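A quick write-up on the structure given underneath.
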Amino acid sequence: MRDSGGCLGTSVGDEPDLGNLICSFTLLAEGDIVFVTSDGVSDNFDPVTLHEGATTHGPSASPPVSLPVLTPDQRQAGLIANLTQVIRGIKPQLKNEPIHAWELKEAIVKHVIDVTDNQRACMESSLKSVDDPELSTVERRARELEFKEKLKTMGGKLDHATLAVYEVCRYHDSCA
């Protein structure tokens, strides 16, 4: 996993920076579920974003002493482990029961909402607090900085969240 700084790449001269572009394929079978997410979803499974670990480079550098420093491979393994835990939690008592695309979508969206809930509440509180017309510019700026520092201590990433989930079925058949 390489930290892209939040995007696929801006440009190198007049050409797009495709350093993080990966093209791969896999064969699918009927009943497989395919899902694609934006970083606003996938980052909320990343152990560094969730404050389960730290990194020594990129936007999340300067790790807190209490968190283990993760290599890129450890970060990727942690992301997969967190995603696997959410998937296994869909039907924990029915291990042989198939999972449907809509159930996966709901579980992933619920996870993202749950891990970003504290940040969302803090941001809403911040907006109400800073909008006080009685505040001086200095007081308003101090409150903004206070909330900004508070947000850094919370796990999760508030960002756009796009998720597409598809259950593979035979051509001309309808999936349940």
Side-chain angles (χ1 to χ4, degrees), residues 1-10 12 16-29 31-123 148-168 175:
M1 176 186 263
R2 191 176 110 192
D3 190 345
S4 66
C7 61
L8 179 61
T10 50
V12 177
D17 177 8
L18 302 178
N20 289 321
L21 180 64
I22 297 172
C23 181
S24 59
F25 73 93
T26 189
L27 299 176
L28 301 172
D32 285 350
I33 296 176
V34 178
F35 64 100
V36 180
T37 73
S38 66
D39 64 326
V41 174
S42 62
D43 285 351
N44 283 298
F45 289 93
D46 177 7
V48 172
T49 304
L50 296 174
H51 294 186
E52 297 169 348
T55 183
T56 57
H57 63 283
S60 1
S62 69
V65 178
S66 61
L67 295 177
V69 175
L70 303 177
T71 66
D73 287 343
Q74 290 170 321
R75 250 180 113 169
Q76 184 67 26
L79 184 149
I80 297 298
N82 288 335
L83 180 58
T84 300
Q85 182 178 0
V86 167
I87 292 170
R88 286 191 175 144
I90 295 172
K91 293 184 179 178
Q93 61 276 46
L94 303 171
K95 292 185 181 183
N96 295 328
E97 185 73 24
I99 295 171
H100 298 285
W102 66 269
E103 293 170 309
L104 179 61
K105 181 243 339 158
E106 286 184 4
I108 290 173
V109 169
K110 181 182 182 317
H111 170 81
V112 171
I113 290 170
D114 289 349
V115 300
T116 59
D117 200 41
N118 287 339
Q119 280 191 353
R120 191 175 307 100
C122 183
M123 293 278 293
K148 189 175 181 180
E149 289 303 311
K150 191 174 181 181
L151 283 174
K152 287 180 185 178
T153 67
M154 298 177 185
K157 176 185 173 188
L158 284 173
D159 196 355
H160 67 281
T162 304
L163 173 63
V165 184
Y166 175 76
E167 190 169 336
V168 177
C175 294

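It should be emphasised that the depicted structure is a prediction, and the values quoted were computed from it without experimental measurement. Just so you know, residue 1 is the first one in the sequence shown, and it goes up from there.
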### Query
Among all residues two or more places apart in sequence or in another chain, which pass the side-chain hydrogen bond (donor to acceptor under 3.5 Å, both in side chains) test with S42?
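By the side-chain hydrogen bond (donor to acceptor under 3.5 Å, both in side chains) rule, S42 matches no residue at all.
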### Message
Run the side-chain hydrogen bond (donor to acceptor under 3.5 Å, both in side chains) test against Q74 and tell me which residues pass, sequence neighbours left out.
### Response
T71
Can you name the residues that form a side-chain contact (heavy atoms from CB on, under 4.5 Å) with [X], not counting sequence neighbours?
| X | value |
| --- | --- |
| D159 | D39, K157 |
| T84 | I80, R88 |
| V86 | F45, A107, H111 |
| E52 | P47, L50, N82 |

### Query
Would one find more than 12 heavy atoms of other residues, nucleotides or ligands at under 6.0 Å from atom CE of M123?
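Not buried by this count: 12 neighbours or fewer within 6.0 Å.
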### Message
For Q85, I'd like to know if atom CD has over 12 heavy atoms of other residues, nucleotides or ligands within 6.0 Å.
### Response
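For Q85, atom CD is not crowded (no more than 12 foreign heavy atoms under 6.0 Å).
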Salt bridge (charged side-chain N to carboxylate O under 4.0 Å, His left out) involving [X] - partner list, sequence neighbours excluded:
| X | result |
| --- | --- |
| R120 | D117 |
| K110 | D114 |
| K91 | E103 |
| E149 | K152 |

Calculate, to the nearest 0.5 Å, the distance between atoms [atom1] and [atom2] belonging to [X] and [Y] respectively.
| X | Y | atom1 | atom2 | answer |
| --- | --- | --- | --- | --- |
| T26 | D32 | OG1 | CG | 8.0 Å |
| L151 | N118 | CG | CG | 10.0 Å |
| L70 | Q76 | CG | CD | 12.0 Å |
| L79 | D43 | CG | CG | 8.0 Å |

### Task
Search all heavy atoms of V48 against all heavy atoms of A54 and return the closest pair with its distance.
CG2-C, 4.0 Å
### Task
May I have the step-by-step check of side chain to side chain contact (heavy atoms under 4.5 Å, CB included) for L83 and F35, ending in yes or no?
CA-CA 12 Å; L83 180 58; F35 64 100; 3.7 Å; yes
### Task
Tell me, please, which residues at least two apart from H51 pass ring pair (Phe, Tyr, Trp, His ring centres under 6.0 Å).
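H51 satisfies ring pair (Phe, Tyr, Trp, His ring centres under 6.0 Å) with no other residue.
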